[in-house]
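Start at 1 and go down the list; that is how both ligands and their atoms are numbered. Along the sequence shown, residues carry numbers from 1. Bear in mind that the values here come from a model prediction, so they are computed numbers and not experimental data.
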Amino acid sequence: MIKVAPSILAVDLLEIEKKIKIIENCNADYIHIDIMDGHYVPNITFGPNMVKSLRKITKKTLDVHLMITPVLPYIQEFIDAGSDIISFHPEADSNHDEIFELISKSDCKPAIAIHPEIDVSSILHLLPLVKLVLIMTVVPGFGGQKFLESQLKKINEISEYKINNKLDFEIEVDGGINNITAKKCIDNGANVLVSGSYIFSEIESDYSKNIESLR
Ligand code: DX5
Ligand code: ZN
């Protein structure tokens with residue numbers, strides 16, 4: 001089953017509640033929340049307060065993508081804010097055991113995110129520990145960038161590894177996803193599609209159609 005995760009990075013903050021209500025009525029699966037610290041990435045977005053506020057207005061799965069360094073000092077706050085899935089970039093913090101331990105004590109699903117410059121070989125040992133692997137198909141930091149075709153091989157590699165080792169995690173792709181690039185990712189083994197600028201196009205009545213065109 002192919003899932004779609006609209007990314008609220010593409011939404012005007014003053015309209016966030018209205019946009020979430022529209023998405024609630026579409027057949028979206030997760031709501032993707034990009035947390036950027038101006039340090040791991042050259043952009044600043046939201047903190048745990050945003051997750052807390054969204055938790056009050058939606059029951060949809062909150063898919064929280066941490067683009068922050070360090071990670072460990074903030075994990076508990078993101079859990080308490082009501083995240084359902086938390087992904088972090090492994091190279092952004094060396095305390096992997098502690099991060100996974102905190103997440104495992106909660107109802108949250110642990111996930112890792114893979115930067116385009118990170119090789120699969122360096123994260124293989126973490127795959128048995130996660131419920132989702134987020135593969136970045138742009139350099140993290142900004143919405144609206146062009147899809148990196150070079151990452152298709154990585155999606156395929158991780159998908160093969162998952163099958164060969166009978167592991168149980170979802171494969172999510174994030175960055176430059178539209179109706180054309182989504183298909184390439186699905187063909188290589190992805191089952192969760194994050195999409196911001198493509199879904200939140202100018203015409204609100206198109207959101208539902210945009211979401212369905214990704215599957
Ligand atoms: C980029 C973020 C993405 C971003 C995707 O660093 O991780 O989630 O919102 O935006 P689009 O779909 O516009 O590429
Ligand atoms: Zn993201």
Side-chain angles (χ1 to χ4, degrees), residues 2-13 15-16 19-20 23 26 28-48 50-51 54 60-69 71 74 78 83-92 108-118 130 132-152 154-155 170-186 190-203 206-207 209-215:
I2 303 299
K3 298 180 182 176
V4 178
S7 167
I8 57 153
L9 187 62
V11 169
D12 181 336
L13 278 188
E15 295 191 318
I16 198 118
K19 302 285 184 180
I20 294 285
I23 289 299
C26 298
D29 301 276
Y30 300 165
I31 291 175
H32 187 80
I33 310 172
D34 288 303
I35 309 292
M36 305 189 189
D37 67 350
H39 190 46
Y40 177 75
V41 284
N43 192 8
I44 300 177
T45 56
F46 339 107
M50 175 59 98
V51 179
L54 293 179
K60 290 246 187 239
T61 297
L62 297 181
D63 173 31
V64 176
H65 177 192
L66 299 181
M67 284 162 277
I68 63 172
T69 184
V71 179
Y74 304 102
F78 282 100
S83 309
D84 295 301
I85 303 168
I86 299 183
S87 58
F88 69 99
H89 288 261
E91 74 279 18
C108 251
K109 289 185 178 168
I112 52 167
I114 310 177
H115 189 288
E117 281 161 25
I118 296 289
V130 298
L132 179 145
V133 176
L134 182 163
I135 300 166
M136 293 294 314
T137 43
V138 296
V139 173
F142 300 91
Q145 301 183 76
K146 192 170 177 285
F147 179 81
L148 295 173
E149 301 275 337
S150 58
Q151 300 308 298
L152 288 172
K154 192 180 274 177
I155 301 167
E170 297 196 290
I171 301 180
E172 179 175 62
V173 285
D174 182 11
I177 301 297
N178 56 37
N179 56 333
I180 295 159
T181 55
K183 179 156 191 339
K184 296 182 186 183
C185 294
I186 295 167
N191 78 301
V192 186
L193 309 162
V194 175
S195 181
S197 43
Y198 176 76
I199 290 177
F200 294 102
S201 59
E202 273 175 30
I203 308 161
D206 280 352
Y207 291 0
K209 182 187 85 189
N210 295 346
I211 289 171
E212 291 322 310
S213 72
L214 294 172
R215 294 188 218 266

Atoms of ligand 1, numbered as shown, that sit under 4.0 Å from any heavy atom of Met36: 6 (O)
Spell out, as yes or no, whether a donor-acceptor pair under 3.5 Å connects the side chain of Thr69 to the backbone of Tyr40. no
Check ligand 1 against Asp174 and write out every atom of the ligand that is under 4.0 Å from a heavy-atom position of the residue. 2 (C), 3 (C), 4 (C), 5 (C), 7 (O), 8 (O)
Under 3.5 Å, is there a donor on one side chain and an acceptor on the other for Lys60 and Tyr30? no
Less than 4.0 angstrom from a charged side-chain N to a carboxylate O is my criterion; do Lys109 and Asp63 meet it? no
Proximal atoms of ligand 1 relative to His32 (non-hydrogen, under 4.0 Å): 8 (O)
In ligand 1, which numbered atoms sit nearer than 4.0 Å to a non-hydrogen atom of His65? 7 (O)
Where is the nearest protein heavy atom to atom 1 (C) of ligand 1: which residue, which atom, and how far? Phe142 O, 3.6 Å
Hey, which atoms in ligand 1 end up nearer than 4.0 Å to a heavy atom of Gly175? 14 (O)
Within 6.0 Å of CZ in Phe147, more than 12 heavy atoms from elsewhere: yes
Any donor-acceptor pair under 3.5 Å linking the side chain of Asp29 with the backbone of Ala5? no
So, the side chain of Asn210 versus the backbone of Ile199: is there a donor-acceptor pair under 3.5 Å, distance only? yes
Side chain, backbone, both or neither: which applies to Tyr198 and ligand 1 if a contact is any heavy-atom pair less than 4.0 Å apart? neither
Are the side chain of His115 and the backbone N or O of Glu117 linked by a donor-acceptor pair below 3.5 Å? yes
Main chain of Leu152, side chain of Lys184: is a donor-acceptor contact present, judged purely on distance under 3.5 Å? no
Applying side chain to side chain donor-acceptor pair (under 3.5 Å), run through Tyr198 and Ser213 and close with a yes or a no. CA-CA 10 Å; Tyr198 176 76; Ser213 72; 2.7 Å; yes
Under a 4.0 Å heavy-atom limit, does Ser7 contact ligand 1 with its side chain, its backbone, both, or neither? side chain
Residue of the set Ile31, Val64, Ile86 for which side-chain contact (heavy atoms from CB on, under 4.5 Å) holds with Val51: Val64
Tell me the protein heavy atom at minimum distance from atom 14 (O) of ligand 1, and give that distance in Å. Gly176 N, 2.8 Å
Counting each atom of ligand 1 from 1 as listed, which ones have a heavy atom of Met136 under 4.0 Å away? 6 (O), 7 (O)
Among all the protein's non-hydrogen atoms, which is closest to atom 13 (O) of ligand 1, and how far away is it? Ser197 OG, 2.5 Å
Students should be able to answer this: which protein heavy-atom is nearest to atom 10 (O) of ligand 1, and at what distance? Gly143 CA, 3.6 Å
Option with minimal heavy-atom separation from atom 11 (P) of ligand 1, where the choices are Gly144, Ser195, Pro140, Gly141: Gly144
For the residue pair Tyr207 and Phe200, does the interplanar ring angle fall in the parallel (under 30°), tilted (30 to 60°) or perpendicular (over 60°) class? perpendicular
I need the nearest protein heavy-atom contact for atom 12 (O) of ligand 1: residue, atom name and distance, please. Gly196 N, 2.8 Å
Taking 4.0 angstrom as the limit and counting only heavy atoms of Met67, give me the atoms of ligand 1 inside it, by number and element. 6 (O), 7 (O)
Note on the Zn ion (ligand 2): protein N/O/S atoms within less than 2.8 Å are His32 NE2, Asp34 OD1, His65 ND1, Asp174 OD2
If we check side-chain contact (heavy atoms from CB on, under 4.5 Å) with Met36, which of these qualifies: Ile44, Asn43, Leu66? Asn43
Derivation and outcome, side chain to side chain donor-acceptor pair (under 3.5 Å), residues Asp34 and His32: CA-CA 7 Å; Asp34 288 303; His32 187 80; 3.0 Å; yes
